[in-house]
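Worksheet: one structure, shown below.
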Amino acid sequence: MRDVLPEEMERLRFIEDAFRRTCTRWGYREVRTPVIEPLHLFTAAGTLSPRTLDGVYSFLDWDGWSGERVVLRPDSTIPAARLYAESLGGTRTAKLYYTQNVFRFAADDAPREQWQCGVELIGDTGRGGDVELVLMALDTLREVGLKQLNVRLSHAGIVRAILAAAGLSAAEQSLAYDRLLDGDLGVVDEVEARLPQLNATLRLLFEVDGAGSGYLANVGAALTPAIPALREPLEELAFVVGALEACGVAPVIQTVLTRSFEYYSGLVMKIDAGGRRAAIGGRYDGLVGLIGQRDVPASGFALYLDQLIEVVEAPSLLAPVVAVEPEEQTPECVALAFDAADRMRRAGLRVDTTAGAVMQRRLRCRTTSPRYTLRSAAGKRTFEAIEDVMRALGSAR
Amino acid sequence: MIRIALPTGELRAETAALLERAGVGIGGYAGGSRALRFEALGGTGVARVFREKDIPVQVAMGNYDVGICGLAWVEELAQRFPAHGVARLAELGFGASGLWLAAGGDSCAPSVRIASEYANIADALARKMRLRRYRIFPVWGAAEAYPPEDADVALVDAVDEDAVCAHGLRPLARVLATSAWLIANRGSMASKDLSPLLSRLLGSAPAAAHSSTLAVPEALPLRVRETAARRNVIRLALPDGHQLPHAVAALDAAGLALDGYSGDALVRRPRIDCPGIEVKVIRPQDMPQQVAVGNFDLAVTGRDRLFDHKVQFPSSPVEEAADLGRAPYGLAAIVKDVPADSIAEALAYWRRDDGARTVRLASELPNIADHFARERHLGRYSVIPIAGASEGFVPEDADILIEGMETGSSVRANKLTVLERFFESTNCLIASTQRPGGRLGETMDAFIAKMRAGAREAVAAGGGA
């Protein structure tokens, strides 16, 4: 658990503002879902692993006599899919974004609360939707000044096709995927032993990070004769990679990319910035159908604010600061000081009227002539009229 | 000083025998003394007797270094609090049993209803089996009585399949092999010399090697029912245990006779000579929730249990329908060895050196204890839910006991002090506020009227209490 300090909040708001501007430019609309949701929303979705559900904060609500629990939301996409199914008709294309926190247990003093800027593109947007989300995430990250962005792409269908061809059950597939993610390539040999029809090694997929369309063509040529179900995910991935390359983005292809094996159904993306996890997203076509009445394709991504504030440098967006103080502690002089401060605030200056602040400039007010004394690094100047003070401050800005 | 938590109940005799074999015999414990605290290890240790369920909690909190209890209660704590401080040291070779998932039929509600004393394990199983929607009924006991009417599945403690079947249930899977285990507080293991006790105990326990982890079935082999069956009877819950004779007396005063509901001959589904009413016997502690969820329309329980439920769920659709006037007792805040006559004086005493000290309240009624602490502005406090053997908690393991008292003889015998008696309870008939219409509603009203009349007549005859 941690506090967010003023300097961190400035960076956080800077990222949020950039995210909001980007979303608006791309035609997305903001939503917000409740912090407390029924537990069954997340169990019914079936896309959060039991391990994830073990770490949710669940408790009995005031009407918990029913035996059903509520949770602090552990995920934002599932509530967004619910919102779409319940309130947006569940039929037309929806372009939604949000800035929300999610809660999951973490050991020791690690933060249990994480803030995310999330985007959901729900509707039949085709492969173009995947391209849009990658470009939109990059647009946001560039907007906050990040330049070294590493885009990695995968497709959930690739590992699924291989593990299914090897005859693994859904539970075994999930376990094997986790082993792969943990770098245990022994599982590749075990799977290969179950696939005698292979004429190329599967390690091609797991040991080599591909550089683009050429790599995907090589993988297709080597493995699809033995595993035909690989053809579709490889084609989908090739389409997105080709489009991104044409847009000047050079993604790396990585077969195993993120946890949440059961969450994603298609393209999966991960963007790193400055060695930090900046964005993760992908396609989850099955989710809306599990929550609502009918299947609707969907995809999305989330920016990880807790990670980004470590690498983003927020420019100083705040106006210069002035301290305004009365020279004498009389009602008239105090009123004069507050009147001067009010004029400055309306002109866009940041003004402090309480004692003790460390300010760049200091204006002292008194009821006798000269009325105003302005001190700054440039020296001391006196004025009779507030308009003259404002002109001096204006020229200083 | 080595602190040892020992079980009362079923494991007591074999635990005492193990201690005897190990040469750390504790005379009073083996002899069945009613005392709750004993000297041990020739004065270098202290042993305290608890209900089994409380032992992992007390060891995890660090109040005790070592404990002996059934594995199921250790697992129950671990499933909710995986970072707890209990180390499992050794299986002790007695108390073998199992936790079983069992069903009453071959179907389940769309939101699967699971009743169990082991609510955390039940919840974990539901998650790991990926049930899309489920409800957990955490019960104090008699979980086996719930299916099929009041739960789809029960998670019950049973020695084997036959024992499950003997409850009229269909065994679905054994999810945990349980037995008595020696456990220790991780901090004590890391920093304190427990070897005088451990070497003797571990040397005397037979080698045993059962799996100590949950075996999760891939799925529940139950068909999902599309529609709920409509009920054509009013359902009444009657209490077992110490409330039973008072309920029998109240029913008798109302002119209602039951077959299979007495201390000598108790069945879970007794018959009542009142057409349109079906009876089931469950624990009184569980009745308010069972009425609230609609499994029962009426129940006979203590007013304290209704209060505890309503404090947690103020809008719960259950209310008192008739004061039956029997089994009177009061709830009180009780302390020991505290020079105070009021809560305010006790707080000043406890916080005389540390103004932020946490005040610990132990109670079998944790919601009432929590309510009491808020109402009395105790400041920083913690509530320790306990299963029984409560008078032994103060002053070592808790500061205040929120406890029921009748005549005060137990309080005096244990040299306890009552700071405040704040709630009066008798047994009562509770009812759902969602009264059914038509014939069912009339049956319910007529039953309530009979019970009220019986209680009035008993009071008039001087036999209410």
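Keep in mind that what you see is a predicted model, and the values were worked out from it rather than measured. Every chain is numbered from 1 and lettered A, B, ... according to where its sequence line falls, protein lines coming before strand lines.
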Using a heavy-atom distance cut-off of less than 4.5 Å, which residues of residues 148-156 of chain B contact chain A? none
Whatever's closer than 4.5 Å to a heavy atom in chain B on A:Ser58 counts as both
Could you pull out all residues at least two apart from B:Ser382 that satisfy side chain to side chain donor-acceptor pair (under 3.5 Å)? none
Sequence-distant partners of A:His40, ring pair (Phe, Tyr, Trp, His ring centres under 6.0 Å), two or more places apart: none
Counting only non-hydrogen atoms closer than 4.5 Å, does A:Leu290 touch chain B with its backbone (N, CA, C, O), its side chain (CB onward), both, or neither? both
Evaluate the criterion side-chain contact (heavy atoms from CB on, under 4.5 Å) for residue pair A:Met269 and A:Ile280; output intermediate values, then yes/no. CA-CA 6 Å; A:Met269 70 150 154; A:Ile280 289 179; over 6 Å; no
Segment of B:Arg130 engaging chain A (4.5 angstrom heavy-atom cut-off): side chain
Picking from A:Asp54, A:Asp61, A:Leu60, which has the most non-hydrogen pairs under 4.5 angstrom with chain B? A:Asp54
Charged N to carboxylate O under 4.0 angstrom, A:Glu68 versus B:Arg133? yes
Taking the six-membered ring where the residue is Trp, are the ring centres of B:Phe307 and B:His371 under 6.0 Å apart? yes
Of all residues at least two apart in sequence or in a different chain, which pass the ring pair (Phe, Tyr, Trp, His ring centres under 6.0 Å) check with A:Trp65? none
Residue pair A:Phe103 / A:Pro74, side-chain heavy-atom distance below 4.5 Å: no
With side chain to side chain contact (heavy atoms under 4.5 Å, CB included) as the test, pick out the partner of B:Tyr118 among B:Asp157, B:Leu125, B:Val139, B:Leu176. B:Asp157
Portion of B:Ile114 that has a non-hydrogen atom of chain A nearer than 4.5 angstrom: neither
Do the numbers put B:Arg235 on top of the ring of B:Phe296, so that NZ or CZ is under 6.0 Å from the six-membered ring centre and no more than 45° off the axis? yes
Which answer fits B:Arg80, side chain, backbone, both or neither, if we ask what part of it has an atom under 4.5 Å from a heavy atom of chain A? side chain
Flag the one option from B:Glu218, B:Gln312, B:Arg135 with the top tally of heavy-atom pairs under 4.5 Å to chain A. B:Arg135
Between chain A and each of B:Tyr134, B:Phe313, B:Phe137, count heavy-atom pairs under 4.5 Å; write down the option with the most. B:Phe313
Decide yes or no for B:Val291 and B:Gln434: does some side-chain heavy atom of the first lie under 4.5 Å from some side-chain heavy atom of the second? no
